[in-house]
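Note that the coordinates shown come from a computational prediction; the quantities given were computed from them, not determined experimentally. Just so you know, these numbers use all the heavy atoms, side chains as well, and skip hydrogens, waters and symmetry mates.
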Amino acid sequence: MNLTIGFVDLLIIVAYFYLVLCIGFYFARKGKTSTGYFLAGRSVEWWAVGASLFASNISSEHFIGLAGTGAASGLAVGHFELLAVFCCLTLGWVFVPFYLRSGVFTMPEFLERRYGAASRWYLTTVSVIAYVLTKISVTLFAGSLLLNQVLDWDIITSCLFLVIATGLYTIAGGLGAVIYTEVMQTIVLVGGATILTGMGLYQLGGWNELAARLDPGHFNMFKAIDHPDFPWTGIIFGAPILGIWYWCTDQFIVQRTLGAKNINHARSGAIFAGYLKLLPLFIMVLPGMIAAALYADINGDKAYPALVTRVLPSGLKGIVIAGLLAAIMSSLASCFNSCSTLITMDVYKKIRRRASERELVFFGRFFTLVIVLLGIYWIKFIPLLSGELYIYLQSVQAYISPPIAACFLFGVFFARLNGKGAFCSLILGFILGALRLILELLYKMEVKAGVENIQLPESLVQFMRQFSLANLGAKLNLTANLPTYSLGDLTHALLVQPAASLGMSDQLNEGFIWLATINFLHFAILLFGVCTVVLFLISFITRRPLPEKIRGLTFRTAKEHPMGETPMAAEELPPVQTWSWLQIFFSILAAALVGAIWYIFR
């Protein structure tokens, strides 16, 4: 499925790249300090913050996934976009004041201020690994798939082109280049997606014709509690947990607000991003439904490319293709820059405490280059990715996010919570999330293989037996006699053997199957609850944090001067409360608009 682009389309695409590179290299002159390079000099205005938040979030998987799911099941997938409105408001009203007053560069740095170094190292490690192994690979996979279907480019060429083009301006200009290219990319991707939606709806014959051709269930956003993908309980109680983690605590997103001029600009930017998040339901989910109504031979991930190739006339194709490229490149640039910031400020600066500003910027650029090279290295594995693996890679972050969300959210509300409670909660959450992911993979593999009597405990033991020093040594061609004892043996000793001794093997297997098959949103609720209990329990049975350690980091201590490695001077410190009635009005209006959409498509 490919389209022939005309001369006008080609000019539009070339003009898009010219503007992106011009903006990116313009900011290369401004990033001469760590604040200038990693936080755009803390000078970003609200409209740029909001547009950048939106563009960082929207990537090729949105065009493929939202449209594909919309074609298959309707508007329900749009819940995640609408709930993001509330998450953006939470970012602006709850978290932004603490982040900006503490003067931090990264989210792990804030977690260290609040809980201690162990939590910072955990979050830095998990974030960087997740970005390199999931965000980059998923963005490249979805982006190359989209360009292959729309332009008939082969996957390797698509990936190489995207990584190099994005890496050029990200390395040169830092966060300033990323943010202001994303402002332009927001205009392009929203404009292109809106044009495609309008053209598709026009060709179909309007909204009434769409409603007549599709099942009425496609227009119902709230599904039954036993719905396999979008149970209303999971949507209302589980999805916000993932949203709080992503929108309010993930460096990939929050770094834009850290670069804002002040709290007012950061909060207004978050509110603006909330309004932009109202759009994907109509310009990404709806096009999938239009494609399903127009073409009987189209389903799933081919819905959006089908509209691009079959509906658009010459000239408009270039705008829409530029919009697709903008979505892909904005997410890649954010990932490159966030990884560089985390490694530079949370690892390199901790090791080289006296590093100069010039040295930090140099290392930041150097590590951005390393991430770009890793992205290029990943390209040879992209053709091996399947749609199922793409989904699994996305799931990795869903299963590690509830404990992080709990530590950040309750950390600013309850001054009694301490570092021991936070670290125990994070580690337990990671173990349970990893267990769920492994069990889910094993269960699906056995179902696919046609196994009738699935025994997940034994499957888990066999899987974990791969992880031993002896196996690792064999893969590295080491000749030393290494212990053969593995994680599988430990799993057998701690779980399978005691269950067999108590005559509870069947119950253990049933429990594992339940854990492997429970809806991931319901699992998020369960994991969030468990981690919250552990966070509070361990904190209350151990020593309370010292008062000077939590100054300015909780609502109870908000008026006190925050402490840290590089505390802000008193005259630089933003006020505790800075807000306007206009911000309150637009926040309430955004929430009301979401409520109206829910009511209309209930």
Side chains of [X] and [Y] in contact at under 4.5 Å (non-hydrogen atoms):
X: L360; Y: E357; result: yes
X: F336; Y: T166; result: yes
X: F414; Y: L417; result: yes
X: L593; Y: L82; result: no
X: V594; Y: F86; result: yes
X: L342; Y: V347; result: no
X: R114; Y: I550; result: yes
X: L160; Y: T157; result: no

For the side chain of [X] and the backbone of [Y], is there at least one donor-acceptor N/O pair under 3.5 Å apart?
X: R113; Y: S102; result: yes
X: Y275; Y: F586; result: yes
X: S127; Y: L123; result: yes
X: S338; Y: C335; result: no
X: S59; Y: S56; result: no
X: S119; Y: L111; result: no
X: E81; Y: L281; result: no
X: Y16; Y: I321; result: no
X: S425; Y: C531; result: yes
X: S330; Y: A55; result: yes

### Task
Go through the steps for T341 and Q251 under the test side chain to side chain donor-acceptor pair (under 3.5 Å), then give the verdict.
CA-CA 9 Å; T341 305; Q251 182 73 20; 4.9 Å; no
Please report the closest heavy-atom contact between [X] and [Y], naming both atoms and the distance.
X: A333; Y: Y169; answer: CB-OH, 3.6 Å
X: L39; Y: L175; answer: CA-CD2, 3.5 Å
X: F54; Y: L189; answer: CE2-CD1, 3.8 Å
X: L553; Y: T557; answer: N-OG1, 3.6 Å
X: A327; Y: F63; answer: CB-CE1, 3.3 Å
X: S334; Y: F252; answer: CB-CE1, 3.5 Å

Reported [atom1]-to-[atom2] distance for the pair [X] and [Y], which is rounded to 0.5 angstrom:
X: Y131; Y: S340; atom1: OH; atom2: OG; result: 12.5 Å
X: F80; Y: L66; atom1: CZ; atom2: CG; result: 9.5 Å
X: S268; Y: N262; atom1: OG; atom2: CG; result: 8.5 Å
X: T106; Y: L258; atom1: OG1; atom2: CG; result: 8.5 Å
X: T124; Y: M345; atom1: OG1; atom2: CE; result: 11.5 Å
X: H62; Y: I283; atom1: NE2; atom2: CD1; result: 10.5 Å

### Query
For F17, does the CZ atom sit with more than 12 other heavy atoms under 6.0 Å from it, leaving out its own atoms?
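Count over threshold, so yes.
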Please report whether the ring centroid of [Y] lies less than 6.0 Å from that of [X].
X: F272; Y: W47; value: no
X: F423; Y: Y115; value: no
X: F555; Y: F413; value: yes

#### Entry: CA sep, side-chain torsions, deciding dist, call: T33, R358, side-chain contact (heavy atoms from CB on, under 4.5 Å)
CA-CA 6 Å; T33 65; R358 183 176 179 180; over 6 Å; no
### Test log, rule side-chain contact (heavy atoms from CB on, under 4.5 Å), inputs N337 and Q255
CA-CA 9 Å; N337 183 253; Q255 190 169 343; 3.0 Å; yes
### Task
Please test K277 against C87 for side-chain contact (heavy atoms from CB on, under 4.5 Å), starting from the C-alpha separation and ending with a verdict.
CA-CA 10 Å; K277 286 300 289 180; C87 295; over 6 Å; no
### Query
Centre of W93's six-membered ring, under 6.0 Å away, within 45 degrees of the axis: is that where NZ or CZ of R267 sits?
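The answer is yes; both the distance and angle limits are met.
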### Query
Is the charged tip of R42 near the ring of F105: under 6.0 Å from the six-membered ring centre and within 45° of its axis?
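R42 over F105 ring: yes.
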### Query
Can K350 and E109 be counted as an ion pair, charged N to O under 4.0 angstrom?
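E109 and K350: not salt-bridged.
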### Message
Working note: I343 + F363, criterion side-chain contact (heavy atoms from CB on, under 4.5 Å); need CA distance, chi angles, decisive distance, verdict.
### Response
CA-CA 9 Å; I343 291 294; F363 186 83; 3.7 Å; yes
### Message
As a quick check of understanding, evaluate ring pair (Phe, Tyr, Trp, His ring centres under 6.0 Å) for F110 and Y99, giving each step before the final call.
### Response
CA-CA 7 Å; F110 181 82; Y99 292 159; 5.0 Å; yes
